[in-house]
Amino acid sequence: MKVLVPLKRVPDPYSRIRLAPDGAAIDTTAIKFEINPFDEIAVEEAVRMKERDASVEIVVVSIGSAECEEQLRKALAIGADRAIRVDCAETLDSLGVAKVLVRVVERESPNLVLMGKQAIDDDNNQAGQMLAALLDWPQATFASKIEFNDGRATVTRETDTGQETLEFPLPAVITTDLRLNEPRYVALPGIIKARTKPLESLTLADLGAQQECRVAVVSMRQPPPRTAGRRVNSVDELIEALRVEKGLLKS
Amino acid sequence: MSRALLLAHDASECEPLAAFAQALGLPFDIVTITGDCPQDLGAESIGSLMVGDPPPADSLCSGLRGFAANYSVVAGAATMFGKDYLPRLAALLDRPMVSDVVGVVDPKTFTRPMFAGNITADVRVNADAFVVSVRATAFSNPVRSGQSAPMQVAFDPQGVTKRTGKSESAGGRPDLAQAKVVVSGGRPLKDAVTFERLIGGLADLLGGAAGATRAAVDSGIAPNDLQVGQTGKIVAPELYIAAGISGSTQHMAGMKESKVIVAINTDPEAPIFDIADYGLVQDLFVAIPELMSKIKP
């Protein structure tokens, strides 16, 4: 089984996001970048599959400038076999990303694409579903448990009202939710080993892909901070405040 | 062709979607995936796809594709259900998509949060036809008018995915995303029984919904569908009571639009106090029972 894991370089989720002086982008000067946390869960899941079945091959792919090789190397250190960077300095929208990934899928012929449900920068939650649509593959988004049996996948996924289980044939696209697994810390031997694993760089032209971006950010602002109200000293004072000042809790 | 199709999961999503379409200024039709649609929301036509549960995304989208292609804008609610199938439908139609829309600047420019709500962005769609997911909490009170005509929707779903199991959390409380009052708890609630007794109990007294932090869900204290935050439910109730919640960025991204926020926490430095209208530095195991006994009708 061959698993393709697309991943995105994003600001560390614990970093403080500020606007750049021009107001059109975020200030990246003091920010650390990481693998998008949901994509890291996807890498972890693929590596656990490989640990159960040594014949599993894991290819990680990222679209971006040379700097995203840092995240690809980390995925190799976690346990992926090889990496592809699709060189693209321009912004793509989610459909544009999905179209590039279609070309990578055609080149690599994986049985499974496993990726994060959303990137924590744009928070779009689109690319996996779009990729599945373009490939005419089944999809399972927001997976919290994945099993394979006889060329079919059984996925437990999170829904608005609880959970459901879907079953479908491979190939397929599965997107990961938080509770699928807890990614491991990368040990030093993995980091050393990752340095010699193959990392290939391709251009959009190599893949026969194009840069498509029909959804563009025109301006950004920081929402006005919500200011702290006041401290109350007792439950009585709280109830009084809610009733008198806010007209709440009237029975 | 300049026309919007509003795809509502059920009747409860019709109002916010109609309010969105009215802000957009396009004539619109509403199709509920399941159940009936109100007739007085200003839609030209209304239809319904089925009774009962919609099929998995591959079937649902194959069935909607031909019909949806007749509209320039296709919009649904940004629930987990909508987030699952709307991007798939967009790609089948080769249309770009804008997620989590909270405002309409002009017919092609929309306001949406990014970076866990730390940034508000205006994004522009450079296409004549596109798909939108709408945050229902940001749109309300559509102008009510007219009587919509009934409409038949050709729907022939084809797909290879089977739903083999389903487990739903116990119902009985209002929907978290639409409740007027939300009482949420974090990991200090210890276990599912305590969570239900204190958080569920107070929510019931207030006629509200129960919510939880990611940490509480991860540690099995609360079911996953109660998670409030960047990747869980987005809520904006009249009153949000956060008990034993420190206030992580990703949690606050899901509730900071609430009208009144009350925080109860033993740690006076907890970030949740920075956005709370009323902060009570007290042990929730003392404060919640007292609150319950004093507001009991």
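Lettering of chains follows the sequences in order, A, B, ..., and the numbering in each one begins at 1.
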Which of B:Pro87, B:Ser248, B:Pro113, B:Ala91 touches chain A most, by non-hydrogen pairs under 4.5 Å: B:Pro87

Proximal component of A:Arg157, with respect to chain B [non-hydrogen, under 4.5 Å]: side chain

Pair B:Lys233 + B:Asp225, salt bridge at N-O below 4.0 Å: no

B:Leu205/B:Lys296 under side-chain contact (heavy atoms from CB on, under 4.5 Å): CA gap, chis, key distance, verdict: CA-CA 7 Å; B:Leu205 272 181; B:Lys296 216 164 222 159; 4.1 Å; yes

Side chain, backbone, both or neither of A:Leu238 within contact of chain B (heavy atoms, under 4.5 Å): side chain

B:Asn126 (side chain) donor-acceptor with A:Val215 (main chain) under 3.5 angstrom: no

Under 4.5 Å from a heavy atom of chain B, the part of A:Tyr14 involved: neither

Atom group of B:Arg214 that falls short of 4.5 Å from chain A, counting heavy atoms: both

Side-chain donor/acceptor of A:Asp123 to backbone N/O of B:Ala116, under 3.5 Å: yes

Check: A:Ser234/A:Asp236 side-chain N/O donor and acceptor closer than 3.5 Å: no

Main-chain N/O of B:Val98 paired to B:Arg112 side chain as donor or acceptor, under 3.5 Å: no

Under 3.5 Å donor-acceptor, A:Arg179 side chain and A:Ser144 backbone: no

Choice from B:Lys166, B:Met114, B:Arg88 maximising heavy atom contacts with chain A below 4.5 Å: B:Arg88

Contact leader toward chain A among B:Val125, B:Leu176, B:Val160, B:Val105, where contacts are heavy-atom pairs under 4.5 Å: B:Val160

Neighbour count >12 (heavy atoms, 6.0 Å) for atom NZ, B:Lys108: yes

Test: A:Glu245 and A:Arg230 ion pair at under 4.0 Å: yes

Within residues 163-174 of chain A, residues adjacent to chain B where the heavy-atom gap is under 4.5 Å: A:Gln163, A:Glu164, A:Thr165, A:Leu166, A:Glu167, A:Phe168, A:Pro169

Within-4.5 Å side-chain heavy-atom neighbours: B:Ile295 and A:Arg243: yes

Region of B:Ile261 that comes under 4.5 Å of a non-hydrogen atom in chain A: both

A:Arg16, CZ atom: more than 12 neighbouring heavy atoms under 6.0 Å: no

Atom group of B:Ala287 that falls short of 4.5 Å from chain A, counting heavy atoms: both

Top contributor to chain B contacts, counting heavy-atom pairs under 4.5 Å, from A:Pro225, A:Pro138, A:Ser219, A:Ala127: A:Ser219

Heavy-atom contact with chain A under 4.5 Å, split by part of B:Gln250: neither

A:Ile41 backbone acceptor or donor facing A:Asn181 side chain under 3.5 Å: yes

Part of B:Gln282 within contact of chain A (heavy atom distance under 4.5 Å): side chain

Chain A neighbours within residues 263-274 of chain B, where any heavy atom lies under 4.5 Å away: B:Pro268, B:Phe273, B:Asp274

Residue part contacting chain B, namely of A:Pro11, when any heavy atom lies under 4.5 Å: side chain

Basic-acidic side-chain contact under 4.0 Å: B:Lys259, B:Glu238: yes

Short side-chain to backbone donor-acceptor contact, A:Asp39 and A:Lys8, under 3.5 Å: yes

Heavy-atom side-chain contact between B:Leu239 and B:Lys180 under 4.5 Å: no

B:Ile119 versus chain A, the contacting section by heavy-atom distance below 4.5 Å: both

SB check A:Lys32 A:Glu70 (cutoff 4.0 Å): no

Residues B:Gln178, B:Ser12; criterion side-chain contact (heavy atoms from CB on, under 4.5 Å); working and verdict: CA-CA 9 Å; B:Gln178 295 177 18; B:Ser12 71; 3.4 Å; yes

Heavy-atom pair count under 4.5 Å with chain B, highest-scoring of A:Thr159, A:Asp93, A:Leu134, A:Val10: A:Thr159

Derivation and outcome, side-chain contact (heavy atoms from CB on, under 4.5 Å), residues B:Thr231 and A:Phe142: CA-CA 10 Å; B:Thr231 69; A:Phe142 324 147; over 6 Å; no

Check: A:Asp12 main-chain N/O paired with A:Ser15 side-chain donor or acceptor under 3.5 Å: yes

Structural part of B:Val181 lying under 4.5 Å from a heavy atom of chain A: neither

Backbone of A:Phe38 reached by a side-chain donor or acceptor of A:Thr176 within 3.5 Å: yes

Chain B interface, residue from A:Lys99, A:Arg214, A:Gln222 that has the most non-hydrogen pairs under 4.5 Å: A:Arg214

Between A:Gln126 and B:Ser99: side-chain donor-acceptor atoms closer than 3.5 Å: yes

side-chain contact (heavy atoms from CB on, under 4.5 Å) between B:Asp277 and A:Leu242, worked out: CA-CA 10 Å; B:Asp277 298 276; A:Leu242 288 172; over 6 Å; no

Residues of residues 56-65 of chain B within contact distance of chain A, non-hydrogen under 4.5 Å: B:Pro56, B:Ala57, B:Asp58

Atom group of A:Ala132 that falls short of 4.5 Å from chain B, counting heavy atoms: both

Contact class of A:Asp177 relative to chain B, heavy atoms under 4.5 angstrom: side chain

Proximity of residues 101-118 of chain A to chain B, residues having a non-hydrogen atom under 4.5 angstrom: A:Lys117, A:Gln118

Atom NZ of B:Lys294 with >12 non-hydrogen neighbours under 6.0 angstrom: yes

Parallel, tilted or perpendicular: rings of B:Tyr240 and B:His251 (30°, 60°): tilted

Engaged part of A:Thr227 at the chain B interface, taking heavy atoms whose separation is under 4.5 Å: backbone

Flag side-chain contact, heavy atom, 4.5 Å: B:Phe81 against B:Pro54: yes

Any donor-acceptor N or O pair under 3.5 Å, side chains B:Asp84, A:Thr141: yes

Most chain A-contacting option - heavy-atom pairs closer than 4.5 Å, from B:Leu89, B:Asp218, B:Asp175: B:Asp218

Proximity breakdown for A:Ile26 and chain B, heavy-atom pairs closer than 4.5 Å: side chain

Carboxylate-amine/guanidinium proximity below 4.0 Å for B:Arg173 and B:Asp204: yes

Proximal component of B:Thr120, with respect to chain A [non-hydrogen, under 4.5 Å]: both

Which of B:His9, B:Lys256, B:Gln230 touches chain A most, by non-hydrogen pairs under 4.5 Å: B:Gln230

Minimum side-chain heavy-atom gap A:Met130-B:Met97 below 4.5 Å: yes

Selection from A:Gln129, A:Arg226, A:Gln139 maximising heavy-atom pairs under 4.5 Å formed with chain B: A:Arg226

